[in-house]
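Note sheet for the following structure.
Positions are given from 1 along the sequence. These numbers were taken from a predicted model, which means no experiment stands behind them.
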Amino acid sequence: MEDYSPDFFSTDTSEQTEKKTYKVTLLWIAVIFLCLIVFIVRLGISVHQLKNPASPQNLTDAQASELNEFISANYPDSIVKKLPYNTVPANLNINAGSAIIIDQETGNILFEKNADAEIPPASMTKLVEMYVVFEAVKNEEVSLDDVVPLPPQCWAKNLPSDASIMFLGEGQVVTLRELLLGLAIASGNDASIAVANYVCKDMETFVARMNSVVKKLGLKKTHFVESSGYSEKNITTAKEFVSFCRIYIRDFPEAINNFHSQKILAYPLEKNLPLPQKDKGDSDAVIQYNTNKLLGILDGCDGLKTGFIYESGFNIALTAQRGKRRFVSITMKGPGIGSVQGNKYRVQDGTTLMEFAFGKFAPYIPEENEHTFIIGCTGSIEKSIKLIPAEDEKFSVPFIAGSSPEDAAAKIHVTANIPAYLYGQIKCGQELGTLTYSLEGKTLRTIPLIADRKCQRQNFFGSAWGKIVYKFAGLF
């Protein structure tokens with residue numbers, strides 16, 4: 001039998017061990033290399049997703065509610081507000097003791113004079129009455145084509161001799177729509193009483209509803225004791241009433257064309273007369289012209305309502321539209337002895353205010369969601385969020401550049417200062433950027449950009465990976 005030495009076996013085992021070690025080393029190198037490739041690929045994908053995020057899911061009802069509550073608490077919006085930039089107050093010759101004009105689109109106050117003085121609105125009160133009626137129609141409580149019963153307290157013959165009337169009488173057949181025309185055109189106190197009693201069964205309940213409306217709108221100095229404006233105990237301010245008018249036009253824009261721009265009221269017509277009087281035809285109709293004398297005189301004027309009692313002077317809520325621009329003004333405590341003189345000053349003041357506004361301002365109105373930004377997130381549960389403007393972006397642009405106010409508004413340049421991406425926990429409403437609005441290099445306004453939702457931080461491993469992704473994203 002052949003003899004094998006121990007050295008022979010030792011050499012063979014050593015070679016096999018070296019081969020095995022070599023193979024294991026190669027395997028480990030391959031595994032490490034593969035892991036490194038996977039890491040680099042995964043890191044590259046994560047960085048790409050961070051820099052090019054997909055749109056986040058729509059806010060849930062709870063998230064939307066949280067966002068709205070935060071904005072309301074931290075960035076409250078007023079119905080009317082000052083311009084967001086400093087201006088030299090216009091030197092306008094206004095006869096009325098109190099005046100204000102705003103941009104309907106933006107709510108910006110363009111000029112004011114003693115606008116917080118408390119003054120009876122007189123028949124401008126009827127605008128609030130009409131608002132209540134339109135709300136009731138919207139809620140299907142009443143219809144504009146309803147025939148309204150006329151109780152004795154609304155008959156023209158039973159009203160004070162100096163009251164404005166549309167000549168309502170016993171037994172007449174009149175619709176709610178016709179009564180609103182009587183309010184808007186002839187400022188009929190008889191129509192006001194009929195409407196209040198029809199919609200709410202009695203004046204007290206109707207006036208309570210009027211006061212509820214203005215309270216909900218945040219008007220703290222406005223209060224009514226009756227619906228027509230005849231009482232000096234009705235009270236408001238020019239600033240609060242222009243706030244109401246802005247909401248009225250916004251909520252019921254059809255009222256402008258259907259009621260306030262109408263120039264003539266003929267009443268009662270044959271169709272309105274009691275059956276025994278039908279043979280009179282339209283011969284009893286009284287022709288009355290709209291008490292707003294700027295209709296047809298001031299370019300674009302299409303509303304709204306005048307008012308006068310001795311305690312208030314000559315008042316007018318005025319609006320005009322030219323192209324896409326609409327402005328609203330209020331003048332109160334207007335001077336004048338008699339309606340001819342009073343109307344003269346109302347026309348002068350209204351024209352001065354409107355021509356000033358149309359000549360100097362135009363609203364900046366961005367496209368919807370034009371300045372909403374999707375930002376990628378890492379190290380947090382959400383992969384992306386939206387940054388949204390914390391305030392209403394619309395504002396009135398001054399005519400300091402371009403060929404017209406509209407041209408100036410079109411030249412507004414918006415610069416967004418936003419982060420490329422975000423890491424970790426984010427709070428709903430957290431300020432994370434800004435929007436700056438400028439006109440030919442002059443900054444007019446800056447507003448915050450805020451997170452539209454909260455993002456919770458991920459667990460330890462998710463946060464660690466997110467930190468790596470965040471750091472590497474900054475290198476490329």
Check your understanding: Of the options Leu294, Leu304, Val242, which is the one that meets Leu318 in a side chain to side chain contact (heavy atoms under 4.5 Å, CB included)?
Key -> Leu294

**Study point:** Lys221: which of Ile235, Asp116, Thr236 passes side chain to side chain contact (heavy atoms under 4.5 Å, CB included)
**Key:** Asp116

Tell me whether the rings of [X] and [Y] are parallel (<30°), tilted (30 to 60°) or perpendicular (>60°).
X      : Y      : value
Phe134 : Phe259 : tilted
His371 : Phe373 : parallel
Tyr364 : Phe395 : tilted
Tyr248 : Tyr131 : tilted

Point to revise | Derivation and outcome, side-chain contact (heavy atoms from CB on, under 4.5 Å), residues Phe244 and Val128 | key: CA-CA 8 Å; Phe244 166 77; Val128 183; 3.8 Å; yes

[X] side-chain N/O to [Y] backbone N/O, donor-acceptor pair under 3.5 Å:
X      : Y      : result
Asn369 : Thr372 : no
Glu226 : Gly229 : yes
Asn315 : Phe308 : no
Lys126 : Lys305 : no
Arg322 : Phe358 : no
Asp146 : Val142 : no
Asp452 : Lys386 : yes
Asn108 : Ser396 : yes
Thr125 : Pro121 : no
Gln348 : Tyr345 : no

Determine whether more than 12 heavy atoms belonging to other residues, nucleotides or ligands lie under 6.0 Å from atom [atom1] of [X].
X      : atom1 : value
Glu140 : CD    : no
Glu355 : CD    : yes
Lys360 : NZ    : no
Asn139 : CG    : yes
Lys454 : NZ    : no
Glu254 : CD    : yes
Asn86  : CG    : no

Under 3.5 Å, is there a donor-acceptor pair linking the side chains of [X] and [Y]?
X      : Y      : result
Ser227 : Ser192 : yes
Ser380 : Glu382 : no
Asp202 : Thr205 : yes
Asn290 : Gln262 : no
Glu178 : Thr175 : yes
Arg326 : Gln321 : yes

With rounding to the nearest 0.5 Å, note down the distance linking [atom1] in [X] to [atom2] in [Y].
X      : Y      : atom1 : atom2 : result
Gln104 : Arg250 : CD    : CZ    : 9.0 Å
Leu183 : Leu265 : CG    : CG    : 10.0 Å
Glu232 : Asn234 : CD    : CG    : 8.5 Å
Ile94  : Asp349 : CD1   : CG    : 4.5 Å
Ile381 : Cys455 : CD1   : SG    : 8.5 Å
Ile374 : Lys383 : CD1   : NZ    : 16.0 Å

Practice item. Kindly indicate, with the supporting measurements, whether the criterion side-chain contact (heavy atoms from CB on, under 4.5 Å) is fulfilled by Ile400 and Leu439. Key: CA-CA 8 Å; Ile400 57 175; Leu439 181 57; 3.4 Å; yes

Any salt bridge linking [X] with [Y]? Criterion: basic side-chain nitrogen under 4.0 Å from a carboxylate oxygen.
X      : Y      : result
Glu391 : Arg445 : yes
Arg325 : Glu406 : yes
Glu118 : Lys239 : no

Practice item. Show your reasoning for whether side-chain contact (heavy atoms from CB on, under 4.5 Å) applies to Glu431 and Leu449. Key: CA-CA 6 Å; Glu431 185 177 331; Leu449 286 167; over 6 Å; no

Exercise for review: Show your working on side-chain hydrogen bond (donor to acceptor under 3.5 Å, both in side chains) between Ser187 and Ser123 and close with a plain yes or no.
Suggested key: CA-CA 7 Å; Ser187 197; Ser123 280; 3.1 Å; yes

Point to revise | Student check: side-chain heavy atoms of Ser438 and Ile412 closer than 4.5 Å | key: no

Check your understanding: Quick one: does Phe224's side chain get under 4.5 Å of Val214's, heavy atoms only?
Key -> yes

Exercise for review: Please lay out, stage by stage, how Glu240 and Arg246 fare under the test salt bridge (charged side-chain N to carboxylate O under 4.0 Å, His left out).
Suggested key: CA-CA 10 Å; Glu240 287 204 348; Arg246 185 181 182 219; over 6 Å; no

**Study point:** Heavy-atom closest pair, residues Tyr85 and Leu444
**Key:** CB-O, 3.5 Å

Practice item. Examine Arg346 relative to Phe314 and say whether NZ or CZ is less than 6.0 Å from the centre of the six-membered ring and inside a 45° cone about the ring axis. Key: no

Practice item. Determine, stepwise, if the pair Ile100 / Ser329 fulfils side-chain contact (heavy atoms from CB on, under 4.5 Å). Key: CA-CA 6 Å; Ile100 191 169; Ser329 70; over 6 Å; no

